[in-house]
Each structure stands twice: as C-alpha cells, then as structure tokens.
Amino acid sequence: MRRPSQMMRLLLTSFFGVIVGFLMGITFPTLTLTKMNLPSTLFPSIDLAYIEDKYSDISRQRLFGSWSSTKGLKLKNDIPDPPYNYNDTKIWVSTNPRGAERLPPDIVTPESDFYLRRLWGDPNEDLTVKQRYLVTFTVGYDQRKNIDTVLKKFSDNFSIMLFHYDGRASEWEEFEWSKRAIHVSIRKQTKWWYAKRFLHPDIVAPYEYIFIWDEDLGVEHFDSEKYLAVVKKHGLEISQPGLEPYEGLTWEMTKKRDDTEVHKHAEERNGWCTDPNLPPCAAFVEIMAPVFSRKAWRCVWHMIQNDLIHGWGLDFAVRKCVQNAHEKIGVVDAQWIIHQGVPSLGNQGQPEQGKQPWEGVRERCRREWTMFQDRLDDAEKAYFEASAHKNASSRPHG
C-alpha cells in the first residue's frame, strides 16, 4: 500500500496537471473540427456546427490577443491587427463598378494613370508633378531622331507613351526623356491596336487631353502648350493641328489656313459632302494626329473595333461622340505640322503574291474602312428598329 504522503503528492500532481491543461486549452484557438477530414462516425452525437459557432469568436479574440502580445518578437511587427471578421461582412453596393459590388465604396479605385512611382518612401510623396496631358506615338527605332525632335515641343505637363512596333524599345535609352516615358513593345501592330488595349478611358482618366500621333510629323511650327490654349479657347473636344499643304494631301478640311486661328468647315469637291455640317466638310479630323478631350476619348475608345486595327473610317465617325460636332471638332491653324510621309509601318507588312509589303497593308486599310462603315450602319439600323418596336409596343391600344 502507498503511504498517505505519496497519495497526497499524486493528487496534487493530478490537480496541477488538470489546471495546466485547462489554461493551455483557453490560450490556443479552438480546433475547428468541421474543417478536418474525419469520418462523421467518430462524432455521432456532437453538433460540430454548434461548437464552432459558439466558440469561434472567443478563439479569434484570444488568437489576436495572443498574437498582439508576442508580435514584438516578430520581424514584421508593423502588420495591423485584423479589425473585424471579414467573413462575416455583408456588403453589396450595386453602384460599384461591375465585379466590385462586394467592396465598400471608399476602397474602390476604378481609375488609374501612367504616373511613375518609387519603390521606397512614403507613397504620398512620390509625385512632385502630376502631368495633365498624355502624348502617344507608335514608333520604330529608325524614326528616333524625329521623335526626339518632336518631344522637345511637348512640355513637362505631358506623360509620354511610346508603342514600339519593331520590338526595339530598350534602344531608346539614349534619350533622357525616355527614362520617364512608358514603353510598350509588341511587334507589327498599329496605333489603334495599341490604343484599344492600353488607353482604356479609366487608365487615361487623369489626362485632360490625349494626343494619339503618328511618328512621321514635323513640328517646326508647333508648340504643345500654345496649341492647347487655342483648343480650350475655342472649346474643341476633338482637334488636330493644321497640315502644311503638300502633294497628296487628301482633305481640304485638314489643310492649314493662313487667315484664321481655327477652322471648323471647309469646301470640298462636288458631291463629297451631302451636308455642309458633316464630314469631310465639317466635324472631321484625320487619324494621323488627332487630339481628344478626356470626355470625347471615353466615347471614341468604345467605337474602336478590336480587329479593325488601322482605324480607317474612324475619322468620319468620331463626330458621333460629340454633341454639336460641327462646332466642337476643328483644325488649329495657329499651330501646324508637316506630314513627312515616311512609309515605315507599311513596310512592316508581308509580301504576298508578288505585291510589296506596303501594298498589302494598304489593301487591308481599305477593306477595314468598308467593314467599319457596314458595322456602324448595321448597328444604327438595329438600334432604331428596336426603338421603334419598343415605342409601338408601349402605345395603348384603342
């Protein structure tokens, strides 16, 4: 038989063991049995959901308290405590952007920009200047000297974006301005292909005006800030600089005039204009060097077709994005440019059936123009027919 002193030591040891076990049990989070892959037959009489619901809040609080008391020992001790149980929130905001309805509105950031930021420091101190305008060029390396000359005419108020159709983006580092430019390099694409994919209205929303220009433009008589001053003065939503007359100039509307600051109408050849307020006699700029207001670009971007990459026909259609287009679309004569006519992108084509590369590109351009016009006509026809049917259905029958 054990002596009484031995029995007492055994009882005390057992008692302290129970106490220690209990303290350890309340210190650590409750085991979530419902998330363990165990046969249900092992727990035939236990309501696991009830246990989890009843004690989950207590376990989380203890977990956060325990974590907070020891986080000073961790390397990353600046991680904030979870303020509440995210899984229990019930948020649905129908006015949020599509797909973001479950987020609280104050955290939703639907727009972005091309502002370059540091990898260090306070994010609020990253930007000493926020550019107000955006200029983009679709370029090949062979035109680097001309682009360098052109960009000297654009102030520090402009973000710069280059779309490289020849894959030689890294070679532009020789220019100081290239270090603050955004470079997108995808071979053998056009500026409208790039614009559709990289100039979404929500991405370029900070910019008041967006220049989408070709690479072969002379700018001896052009200044970006003076140009925009004229645009704002005349309330132009879509514009372009006047073109110095040259052999091959297609449209009278885009030709520079010497007697005016801005013009919005032109006289074309007989039969070219069915209405003096419609293209190409008014409400018209070419796709060579267009400038869009933020508001106008939000509409025009949606008009660009994914597969019609040359943009032919857009110049006749952009008026649909501007109310009173014959007054809000114009050509700035006070600041003009020269079209140098370098067929660089055309030479990126593929020779087929004995044709030169540029010939295949030109044929594709003409085909796209017809396709775009057909799609636009069909879309408008479908809309008006549906509207007429809806109105007829809503009328009361006598």
Side-chain angles (χ1 to χ4, degrees), residues 76 78-80 97 100 103-139 141 143-164 168-186 191 194-195 197-213 215 217 219-220 222-233 235-237 239 241 289-298 301 332 335 337:
K76 296 182 179 179
D78 56 348
I79 301 175
L103 299 178
D106 288 348
I107 200 62
V108 174
T109 307
E111 298 174 348
S112 190
D113 55 63
F114 291 126
Y115 300 144
L116 301 181
R117 294 182 175 271
R118 306 173 300 177
L119 304 183
W120 64 94
D122 185 345
N124 295 317
E125 299 174 356
D126 283 349
L127 305 177
T128 57
V129 175
K130 288 186 177 182
Q131 287 77 21
R132 298 169 59 190
Y133 318 117
L134 173 68
V135 59
T136 75
F137 295 91
T138 301
V139 300
Y141 187 64
Q143 286 293 103
R144 63 192 180 280
K145 291 183 179 179
N146 187 61
I147 294 297
D148 180 49
T149 300
V150 171
L151 284 175
K152 287 180 171 64
K153 297 286 188 170
F154 286 85
S155 71
D156 291 339
N157 273 330
F158 283 82
S159 291
I160 303 168
M161 191 167 195
L162 299 187
F163 301 123
H164 300 270
R168 301 176 67 180
S170 60
E171 297 178 54
W172 290 73
E173 288 295 318
E174 63 185 276
F175 302 111
E176 186 63 28
W177 52 260
S178 178
K179 297 175 183 178
R180 70 177 182 90
I182 307 296
H183 296 266
V184 177
S185 180
I186 303 173
K191 71 176 181 181
Y194 293 114
R197 288 150 182 85
F198 298 101
L199 299 182
H200 188 281
D202 288 344
I203 300 297
V204 300
Y207 304 108
E208 296 176 31
Y209 293 92
I210 300 100
F211 291 60
I212 304 180
W213 280 20
E215 63 180 338
L217 303 175
V219 292
E220 180 181 349
F222 178 84
D223 178 276
S224 62
E225 293 288 350
K226 293 179 179 179
Y227 176 88
L228 286 176
V230 175
V231 166
K232 295 174 183 178
K233 175 183 175 182
L236 300 179
E237 295 289 336
S239 64
V291 179
F292 301 95
S293 70
R294 180 195 293 123
K295 180 180 178 181
W297 178 246
R298 182 167 288 279
W301 182 88
V332 177
Q335 299 290 319
I337 58 176

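Note that these values count all heavy atoms, side chains included, but never hydrogens, waters or copies made by symmetry.
A289 and K191 make their closest contact through N-NZ, 4.4 Å (heavy atoms, listed as atom of the first residue, atom of the second, distance). The shortest non-hydrogen separation linking V219 to T149 is CG2-O, 4.1 Å. Between A205 and R298, the shortest heavy-atom contact is CB-NH2, 4.5 Å. Scanning all heavy atoms of the two residues, the minimum distance from E237 to A296 falls at O-CB, 3.8 Å. Scanning both residues, W297 and L199, for their nearest heavy atoms gives NE1-O, 2.8 Å. Residues E215 and T138 approach most closely at CB-O, 3.4 Å, considering heavy atoms.
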Do Y115 and V129 pass the side chain to side chain contact (heavy atoms under 4.5 Å, CB included) test, and can you show the C-alpha distance, the side-chain angles, and the key distance before you say yes or no? CA-CA 9 Å; Y115 300 144; V129 175; over 6 Å; no
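Here the side chains of P104 and D106 are not in contact, with every heavy-atom distance at 4.5 Å or above. Contact check for V135 versus L151: side-chain heavy atoms found under the 4.5 Å cut-off. Contact of the I182 side chain with the L116 side chain is registered, since non-hydrogen atoms from C-beta on lie closer than 4.5 Å. Taking the side chain as every heavy atom from C-beta outward, F114 and V204 approach each other to under 4.5 Å. In this structure, the side chains of N157 and L228 stay at 4.5 Å or more apart for every pair of heavy atoms. At least one side-chain heavy atom of S178 sits under 4.5 Å from a side-chain heavy atom of E173. When side chains are defined from C-beta on, R144 does not count as touching R168, because their heavy atoms never get closer than 4.5 Å. Taking the side chain as every heavy atom from C-beta outward, F154 and W177 never approach each other to under 4.5 Å.
Distance check, rounded to the nearest 0.5 Å: CD of E171 to NE2 of H183 gives 12.0 Å. Note: F175 CZ to I160 CD1 = 11.5 Å, rounded to the nearest 0.5 Å. Atoms CG and OH, from L134 and Y209 in turn, are 14.0 Å apart once rounded to the nearest 0.5 Å. Interatomic distance, K130 NZ to D113 CG, rounded to the nearest 0.5 Å: 7.5 Å.
In this structure K152 satisfies the salt bridge (charged side-chain N to carboxylate O under 4.0 Å, His left out) test together with D148, sequence neighbours excluded. Taking D156 as the reference, R180 meet the salt bridge (charged side-chain N to carboxylate O under 4.0 Å, His left out) condition, with sequence neighbours excluded. For Y133, the ring-ring contact (aromatic ring centres under 6.0 Å, His included) test picks out F158, with sequence neighbours left out. Applying the side-chain contact (heavy atoms from CB on, under 4.5 Å) criterion to H200, with sequence neighbours excluded, gives D202, I203, W301. Applying the salt bridge (charged side-chain N to carboxylate O under 4.0 Å, His left out) rule to R132 yields the partners E208; only residues at least two apart in sequence or on another chain are considered. Here E220 pairs with nothing under the salt bridge (charged side-chain N to carboxylate O under 4.0 Å, His left out) rule; sequence neighbours left out.
Of the possible polar contacts, one joining the Q335 side chain to the D223 backbone as a donor-acceptor pair under 3.5 Å is found.
Counting non-hydrogen atoms of neighbouring residues, nucleotides and ligands closer than 6.0 angstrom, the NZ atom of K232 exceeds 12 such neighbours.
Below 30°, between 30° and 60°, or above 60°: for Y227 and F222 the angle between ring planes is between 30° and 60°, a tilted geometry.
Using a 3.5 Å distance cut-off with no hydrogens or angles, the side chains of Y207 and S159 do pair a donor with an acceptor.
Checked options W172, F198, Y194; the residue passing with H164 is W172 (criterion: ring-ring contact (aromatic ring centres under 6.0 Å, His included)).
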